[in-house]
There are 2 protein chains.
Amino acid sequence: MEKQYTMSKNQKIIFDLIDKSSEPMKAYSILFNVQKKGIKAPLQVYRALDKLVEIGKIHKIESRNAFIACQNSSCQISKATAFSICESCENVSEISNSKLSKYLSNFADESGMKYSKYNLEFFGLCKKCKSK
Amino acid sequence: MEKQYTMSKNQKIIFDLIDKSSEPMKAYSILFNVQKKGIKAPLQVYRALDKLVEIGKIHKIESRNAFIACQNSSCQISKATAFSICESCENVSEISNSKLSKYLSNFADESGMKYSKYNLEFFGLCKKCKSK
DNA sequence: TAACAGTATGTAATAATATAACATTTATAA
DNA sequence: TTATAAATGTTATATTATTACATACTGTTA
Ligand SMILES: [Zn+2]
Ligand SMILES: [Zn+2]
Ligand SMILES: [Zn+2]
Ligand SMILES: [Zn+2]
């Protein structure tokens, strides 16, 4: 039985907002949306985001400086993340493909470096945008 | 015979600086370093960086907001990039592994999305930092 | 050559993203 | 209970990136 992390008040507010969003959210847009709930300063947002990323409830889309909720319940600690990003509509979704994650988690080259984490972002056109 | 791109004055100054650097460089550090050469404003730096990224002479390390020169001469247009990043010393190097790039370039899943580009960042400890 | 289009430059102002520093409070556990 | 870690509140500031507008350079073609 694994002990499960309990989100704090601010973490919960911010997670719920991101989780309900259909698109990646940026920090200051989050801030704007939670001001009515008493979260007034950027730092409060960034602290919650940091923690949520750390525990794998959300992921940062590095190329967009934006955050999405983890779609992959097994991704408790986010050490292996992959996303597809539509360059037209900016839709982002988390890729959950066990072959891919196995391949990347086992990847090793001649550098002598042991990789403990990766982040992969694919870019292209989504189905919808392709057919336009 | 392929026509080769000729870098402009500012592009050349900034590329040379990044190319000589042993570590990824951030935009404002670049700005500081080229001020004696007459490049005085952030926008001049960002414009050159944008173009250099576009033509594949440099790459942006998204998780670090920093730029490195392409190590892989074949990477003329940067649509397939992979890096290893040491989380201790922040050393970054470009991975050039044909199996990996083939695997990722051909990756397709059920999403119906055609990927035209990817960026992969591996994290871990480099040889040197591991043995400390 | 002259006119044009495309690319690059210069400059100022400002927007967007993220962190430092410090004081206080709340939760967890020995 | 007392100590420790984690979270919060607040102000100020640092860092990263873009908008807007004016000008200049480069190569092409009428
Ligand atoms: Zn996930
Ligand atoms: Zn799309
Ligand atoms: Zn490259
Ligand atoms: Zn290292």
[N], OP1 or OP2 - any side-chain N/O from [X] closer than 4.0 Å?
| X | N | value |
| --- | --- | --- |
| B:Lys40 | C:dT11 | yes |
| B:Lys37 | C:dT9 | no |
| B:Asn65 | D:dA17 | yes |

Of the candidate nucleotides [options], which contains the atom at the shortest distance from the side chain of [X]?
| X | options | answer |
| --- | --- | --- |
| B:Tyr46 | D:dT10, C:dG10, D:dT16 | D:dT16 |
| A:Tyr5 | C:dA18, D:dA7, D:dT8 | D:dA7 |
| B:Asn10 | D:dT8, C:dT11, C:dG10 | C:dG10 |
| A:Lys26 | D:dA17, C:dT17, C:dA18 | C:dT17 |
| A:Ser8 | D:dT18, D:dA7, C:dT17 | D:dA7 |

For A:Ala27 and for B:Ala41, locate the closest nucleotide of DNA chain C by heavy-atom distance; then report the residue assigned to the nucleotide nearer the 5' terminus.
-> B:Ala41
Nearest-nucleotide comparison on DNA chain C, the residue closer to the 5′ end among B:Thr6 and A:Tyr28 | B:Thr6
How long is the line joining [atom1] of [X] and [atom2] of [N], in whole Å?
| X | N | atom1 | atom2 | answer |
| --- | --- | --- | --- | --- |
| A:Lys51 | C:dA18 | NZ | P | 19 Å |
| B:Lys9 | D:dT26 | NZ | P | 10 Å |
| A:Gln44 | C:dT19 | CD | P | 16 Å |
| B:Asp50 | C:dT9 | CG | P | 12 Å |
| B:Gln11 | D:dT26 | CD | P | 13 Å |
| A:Met7 | D:dA6 | CE | C1' | 16 Å |
| A:Ile14 | D:dA7 | CD1 | P | 13 Å |
| A:Ile55 | D:dA6 | CD1 | P | 13 Å |

[X] and [Y]: side chain donor to acceptor below 3.5 Å:
| X | Y | answer |
| --- | --- | --- |
| A:Glu121 | A:Ser63 | yes |
| A:Ser111 | A:Asp109 | yes |
| A:Gln11 | A:Tyr5 | yes |

Kindly give the atom pairs (protein nitrogen or oxygen, nucleotide nitrogen or oxygen) under 3.5 Å for nucleotides 19-22 of chain D.
none

Check the surroundings of atom NZ in A:Lys130: do more than 12 heavy atoms from other residues, nucleotides or ligands lie under 6.0 Å from it?
-> yes
How are the rings of A:Phe122 and B:Tyr118 set to each other: parallel, tilted or perpendicular (split at 30° and 60°)?
-> perpendicular
Sidechain-backbone polar pair: B:Ser105 side chain, B:Ser101 backbone, donor-acceptor under 3.5 Å | yes
Heavy-atom check, side chain of B:Tyr103 versus side chain of A:Leu100, under 4.5 Å | yes
Might you work through the side chain to side chain contact (heavy atoms under 4.5 Å, CB included) test for A:Asn97 and B:Glu110, ending with a clear yes or no?
-> CA-CA 10 Å; A:Asn97 180 298; B:Glu110 327 71 31; 4.2 Å; yes
